[in-house]
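Working notes, beginning with the structure itself.
Chain naming here is simple, since letters A, B, ... match the order of the sequence lines and numbering starts at 1 in each.
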Amino acid sequence: MKLNSPRGTADIYGEDIKYRDFITGCARKLFHTFGYNEIITPAFEHTELFSRGIGEGTDIVQKEMYTFRDRKGRSLTLRPEGTAPVVRAILEKNLLSQKVPLKLFYIGNMFRYERPQKGRMREFWQVGVESSGPDNPLMDAEVIWLLNLFFNNLGFRDLNLLVNSMGCPDCRMDYVVYLKEYLKGNLPGLCAECRSRYEKNPLRIFDCKVPECKKIMEDAPKIGGYLCGTCREHFLKVQGYLNELGIDYRIKHNLVRGFDYYTRTVFEVVSGKLESAQNALGGGGRYDNLISQFGGPDTPAIGFAVGIDRTAMLMKQSGIGYKDPLKGPRFYMVSLDEGSYDYALKILRVLRETGAASDINYTVRSIKTELKNALRNGYDYMIIIGENEAADRTVTLKSLDTHKQSIMKFEDFNDEILKITGNGRS
RNA sequence: GUGAGAAUAGCUCAGCUGGCAGAGCGCAGGAUUGUGGAUCCUGAUGUCGCGGGUUCGAGCCCCGUUUCUCACCCCA
């Protein structure tokens with residue numbers, strides 16, 4: 001039997017873990033300062049939650065869901081996104097009765113059945129926030145601010161923040177009439193795909209990459225010009241607050257996002273540098289009708305999701321490092337002969353019980369080999385224990401950085417380690 | 001779901017028109033017995049992704065399949 005992970009999944013280990021811990025650590029810390037609390041929801045839900053929430057006509061629901069039946073015949077689906085599950089939890093646990101606005105964030109794996117390629121896996125990780133309560137444009141600005149600051153804190157400097165308003169269902173309906181009127185005369189110039197979109201969802205034609213379609217869409221009416229009074233005012237206020245916060249953003253009139261539930265403000269963070277076609281690092285928007293659509297109180301809400309995998313990928317590509325909270329001096333305990341292991345173990349005990357990251361050689365080899373080993377594995381100190389040390393109850397501590405080594409009494413070793421690691425009580 | 005390319009040692013890869021399975025790096029041991037990444041010597045390691053077919057003979061040709069990579073679609 002050939003063992004390999006299923007298509008589109010990956011094992012994450014080594015340095016990748018450091019990047020991810022850094023990303024999720026930054027998220028937890030920053031989201032906390034904005035007043036968000038973490039929520040963990042199940043990896044799978046009833047299928048209906050997604051088909052109704054995301055929209056029956058969307059690609060995700062049509063062809064990208066991992067749907068299966070359990071032993072009682074219930075249709076379940078591995079979550080393809082985080083918003084619908086959070087909304088479900090909010091309603092099920094009646095969280096809105098405890099606190100409004102309700103600000104939650106999540107970190108979790110998502111699943112979409114797609115052809116894998118760079119920056120797009122079948123299992124991928126997202127961190128996201130959902131804020132339900134007032135439809136105050138201040139909330140829109142705060143959420144966009146949070147997204148922006150998040151990437152800033154990670155160390156990114158040249159990402160593009162795109163913002164748009166899709167309007168409420170009312171003004172969008174009006175707009176689509178004008179858009180279709182414009183497109184009617186240009187139908188023959190559009191690609192086959194877009195001609196079918198014309199009926200189903202003309203807004204999506206803005207996403208088409210065929211040059212002819214792009215050209216036609218350049219002159220198409222923009223939704224910004226057709227927003228109703230309240231939506232226009234809302235969007236203007238959002239922009240005003242963003243300006244007030246000094247946030248560098250661009251209005252992209254053709255920014256249209258793929259889930260049916262989005263209303264009004266939508267936004268996206270993209271990289272012009274990402275060495276892949278998947279350049280969207282994160283995005284989100286307002287969904288004022290989703291909660292009521294699921295039978296909850298009429299509660300507007302807004303949120304975003306960030307792709308952890310893509311973010312880590314771009315960090316590596318851009319040479320952005322991570323901070324490792326576990327970083328500290330590491331010790332390599334080397335016993336030069338079998339007989340010294342008893343004594344070496346006592347020393348290892350001191351190291352580990354004072355909180356010093358340490359390992360021991362499990363195979364007796366030449367000191368030269370061990371030295372090479374220690375250097376290659378990035379240890380900071382080597383502790384050498386042979387017949388001499390075991391007999392004299394001493395410890396030879398060698399700094400691999402300064403090349404200096406010293407011999408001390410076993411009784412003094414504990415204090416010496418505390419001095420090096422700074423782990424002593426203060 | 002559509003299209004293109006790839007899969008050979010732990011890693012990166014070579015392998016001619018079909019004729020004994022290879023290199024570099026890494027790994028293990030050593031160069032007069034306990035100390036610096038060098039150098040030299042020696043050594044181990046393969047279901048050539050998997051399954052069929054053609055052939056006297058297949059890593060190489062043909063078919064299927066799985067996985068990976070890239071693009072499309074869509075998205076994070």
Side-chain angles (χ1 to χ4, degrees), chain A residues 1-10 23 54-55 57-65 79-83 107-128 147 151 191-194 196-197 201 204 207-210 255-259 262 267-271 274-284 303-314 332 334-337 340 363-379 382-390 396-405 407:
Chain A
M1 177 182 169
K2 172 83 176 172
L3 293 175
N4 56 272
S5 76
R7 185 169 167 81
T9 64
I23 292 167
I54 301 170
T58 59
D59 273 33
I60 288 187
V61 172
Q62 291 269 318
K63 56 179 198 184
E64 294 176 6
M65 294 209 303
R79 58 181 171 197
E81 57 102 39
T83 301
I107 296 169
N109 46 352
M110 308 293 159
F111 307 84
R112 290 182 203 169
Y113 191 96
E114 300 176 275
R115 279 282 269 276
Q117 66 187 77
K118 198 177 188 71
R120 197 184 63 191
M121 299 291 275
R122 289 182 170 182
E123 180 188 22
F124 59 100
W125 288 74
Q126 286 188 334
V127 43
L147 178 64
F151 284 112
C191 68
E193 183 85 21
C194 288
S196 76
R197 282 170 172 157
N201 192 351
R204 295 226 65 87
D207 285 346
C208 190
K209 306 215 166 60
V210 177
L255 178 61
V256 184
R257 294 183 53 82
F259 303 146
Y262 282 123
F267 49 96
E268 221 170 66
V269 168
V270 298
S271 159
L274 206 53
E275 289 166 15
S276 95
Q278 277 66 45
N279 67 345
L281 290 173
F304 67 72
V306 169
I308 295 177
D309 318 82
R310 284 184 190 175
T311 302
M313 193 192 304
L314 184 62
Y332 188 42
V334 173
S335 180
L336 294 177
D337 57 277
S340 300
T363 318
V364 170
R365 287 184 295 191
S366 76
I367 190 165
K368 189 164 195 164
T369 306
E370 293 296 4
L371 194 52
K372 283 186 190 173
N373 216 347
L375 291 164
R376 197 187 46 228
N377 289 308
Y379 289 100
M382 188 158 129
I383 290 152
I384 303 159
I385 297 303
E387 288 173 358
N388 302 343
E389 287 84 355
T396 298
L397 177 67
K398 180 183 180 68
S399 161
L400 298 173
D401 179 36
T402 65
H403 294 214
K404 285 182 189 148
Q405 72 181 49
I407 300 178

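Note: CD (Gln117(A)) to C1' (G1(B)) measures 13 Å, nearest angstrom. Remark: C1' of C70(B) and CE of Met121(A) are 14 Å apart, rounded to the nearest angstrom. What separates NZ of Lys63(A) from C1' of C72(B) is a distance of 10 Å, to the nearest Å. Distance CZ (Arg115(A)) to C1' (U67(B)): 12 Å, rounded to an integer number of Å. The distance from atom CZ of Arg120(A) to atom P of U69(B) is 11 Å, rounded to the nearest whole Å. Note: CG (Asn377(A)) to P (G26(B)) measures 14 Å, nearest angstrom. Whole-Å rounding puts the Lys372(A) NZ to G30(B) C1' distance at 11 Å. What separates CD of Glu123(A) from P of A76(B) is a distance of 17 Å, to the nearest Å.
Among the protein residues, Glu389(A) comes within range of the nucleic acid bases, having at least one heavy atom under 4.0 Å from a base atom. Nucleic acid contact class of Gly82(A) (heavy atoms, under 4.0 Å, all strands): none. Heavy atoms of Ser340(A) sit nowhere under 4.0 angstrom from any nucleic acid atom. Residue-level contact check: Ile308(A) touches neither bases nor backbone, having no heavy atom under 4.0 Å from any strand. Within 4.0 Å (heavy atoms only), Phe259(A) reaches sugar-phosphate atoms of the nucleic acid but no base atom. Nucleic acid contact for Ile60(A): none, since no nucleic acid atom lies under 4.0 Å from a heavy atom of the residue. At the heavy-atom level, Gly282(A) lies under 4.0 Å from the strands shown only through sugar-phosphate atoms. Note on Glu387(A): a base of the nucleic acid sits closer than 4.0 angstrom, heavy atoms only. Nucleic acid contact class of Gln405(A) (heavy atoms, under 4.0 Å, all strands): base. Nucleic acid contact for Leu281(A): sugar-phosphate only, since backbone atoms but no base atoms lie under 4.0 Å from a heavy atom of the residue. Asp309(A) comes within contact range of no nucleotide atom at all, as no heavy-atom separation falls under 4.0 Å. Arg112(A) comes within 4.0 angstrom of a base, heavy atoms only.
Under the Watson-Crick or G-U wobble criterion, with both distances below 3.5 Å, C72(B) is paired with G1(B). Nucleotide A21(B) forms no Watson-Crick or G-U wobble pair with any nucleotide shown, as no partner meets the under 3.5 Å limit on both distances. Nucleotide U55(B) has no partner under the Watson-Crick or G-U criteria, as no pair reaches both atom distances under 3.5 Å. If you check U65(B) for Watson-Crick or wobble pairing at under 3.5 angstrom, you find it paired to G49(B). Under the Watson-Crick or G-U wobble criterion, with both distances below 3.5 Å, C27(B) is paired with G43(B). Base pairing of A14(B) is not made with any nucleotide, judged by Watson-Crick or G-U wobble geometry with both donor-acceptor distances under 3.5 Å. Using the Watson-Crick or G-U wobble rule with both distances under 3.5 Å, G37(B) pairs with nothing in any strand shown.
A gap of 11 Å separates the C1' atoms of G26(B) and U12(B), to the nearest Å. When the C1' atom is compared between C25(B) and G37(B), the two are found 15 Å apart, to the nearest whole Å. U54(B) and C61(B): their C1' atoms are spaced 8 Å apart (whole Å). U8(B) and G49(B) are spaced 10 Å apart, taking the C1' atom of each and rounding to whole Å. C62(B) sits 16 Å from U55(B) when the P atoms are compared, rounded to a whole Å. Annotation: C60(B) and C16(B) have their P atoms spaced 11 Å apart (nearest Å). Rounded to whole Å, the P atom of G57(B) lies 38 Å from the corresponding atom of G1(B). G10(B) and U35(B) have their P atoms separated by 34 Å, given to the nearest Å.
Taking the side chain as every heavy atom from C-beta outward, Met65(A) and Ile60(A) approach each other to under 4.5 Å. Taking 4.5 Å as the limit, every side-chain heavy atom of Val334(A) sits out of range of all side-chain heavy atoms of Ile367(A). No side-chain heavy atom of Leu336(A) sits less than 4.5 Å from a side-chain heavy atom of Glu387(A).
Formation of a donor-acceptor pair under 3.5 Å by the Arg310(A) side chain with backbone atoms of Leu281(A) is not found in this model. Panel note: side chain Asp309(A), backbone Trp125(A); a donor-acceptor pair is recorded below 3.5 Å. Arg79(A) contributes a side-chain N or O that, together with a main-chain N or O of Asn109(A), makes up a donor-acceptor pair within less than 3.5 Å.
Ranking A71(B), G34(B), C68(B) by closeness to the Arg7(A) side chain, first place goes to C68(B). Comparing atom distances between the Asp59(A) side chain and each of G34(B), C73(B), U69(B) picks out C73(B) as nearest. Out of G29(B), G36(B), U35(B), the shortest distance to the side chain of Arg365(A) is found at G29(B).
Judged by distance alone, the side chains of Thr396(A) and Gln405(A) never bring a donor and an acceptor atom under 3.5 Å apart.
Side-chain N/O atoms of Lys118(A) include one lying less than 4.0 angstrom from OP1 or OP2 on C70(B).
Remark on RNA chain B: of its neighbouring residues Lys398(A) and Ala305(A), the 5'-side contact belongs to Lys398(A), judged by nearest-heavy-atom nucleotide. Of the two residues contacting RNA chain B, namely Ile367(A) and Phe124(A), the nearest-nucleotide position lying further toward the 5' end is that of Ile367(A).
For Glu268(A) and A76(B), a side-chain-to-base donor-acceptor distance below 3.5 Å is absent, hydrogens and geometry of angles not being considered.
Separating the CD atom in Glu370(A) from the CE atom in Met382(A) is a distance of 6.5 Å, to the nearest 0.5 Å.
Cation-pi geometry between Arg122(A) and Phe111(A) is not satisfied (NZ or CZ under 6.0 Å from the ring centre, within 45° of the ring normal).
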